[in-house]
Amino acid sequence: MRLDKFLKVSRILKRRTVSKELALHQRIEVNGRIVKPSYDVKVNDLITITYGQRVLTVRVLDVADFVRKDAAKDLYEIVSEGFKENKEEAKM
C-alpha cells in the first residue's frame, strides 16, 4: 500500500493530500530514509513524520486497504512522540 494512503487509512494523518504534501516536502522518513508518497509500506517499517515542531515515530503492525475507525489503531504502534529541539534554545 502507498505511504500516503496508509497514513490516511490508519488515521495517523487526517487527509491523504496532507500526507502526500509532507512526503513531497521531505518530512516523512521510513527506516531512516526520506521517501516519496508512492513508497510501498510493509509490516515492521518505522515511519517518522515531522510536521511543525512535532515528531512522531510509528511502527507498522498491519497493512489494510480499509478499516473501521475503532480498528485503525491496530495498524500501528507509537514508538516515540515529541517535539524537535530548537537549536537556538539549546545554546542558552
Taking every non-hydrogen atom, the tightest pair across Arg16 and Arg2: NH2-NE, 3.3 Å

Leu24 side, atom CG; Ile34 side, atom CD1 - distance, nearest 0.5 Å: 12.0 Å

Side chain to side chain donor-acceptor pair (under 3.5 Å) partners of Lys73, counting only residues at least two apart: none

hydrophobic_cluster_shared for Ile12 and Val63, side chain cutoff 4.5 Å: yes

Minimal non-hydrogen separation, Val9 against Leu75, with atom names: CG1-CD1, 4.1 Å

Co-membership, hydrophobic cluster, residues Ile78 and Val60, 4.5 Å side-chain: yes

Salt bridge flag under 4.0 Å for residues Arg27 and Glu21: no

Side chains of Leu13 and Tyr51 in contact at under 4.5 Å (non-hydrogen atoms): yes

Common cluster, Val30/Val18, ILVMFWY with side-chain heavy-atom separation under 4.5 Å: yes

Other residues, nucleotides, ligands: >12 heavy atoms within 6.0 Å of Arg15 CZ: no

Which atom of Asp62 lies closest to which atom of Asp74, heavy atoms considered: CB-O, 4.4 Å

Ser19 side chain reached by Leu3 side chain, heavy atoms, under 4.5 Å: no

The single option from Leu46, Thr57, Thr48, Leu56 passing side-chain contact (heavy atoms from CB on, under 4.5 Å) against Ser80: Thr57

Closest approach of Ala72 to Ser10 (non-hydrogen atoms, all atoms of both residues): CB-O, 3.6 Å

Inter-residue atom distance Ile28.CD1 - Arg33.CZ, 0.5 Å rounding: 14.5 Å

Heavy-atom check, side chain of Val67 versus side chain of Arg11, under 4.5 Å: yes

Any side-chain heavy-atom pair of Tyr76 and Ile47 under 4.5 Å: no

Euclidean distance, Lys36 NZ relative to Lys20 NZ, rounded to 0.5 Å: 12.0 Å

CD/Glu81: more than 12 non-hydrogen atoms of other groups inside 6.0 Å: yes

Min side-chain heavy-atom separation Met1-Asp65 under 4.5 Å: yes

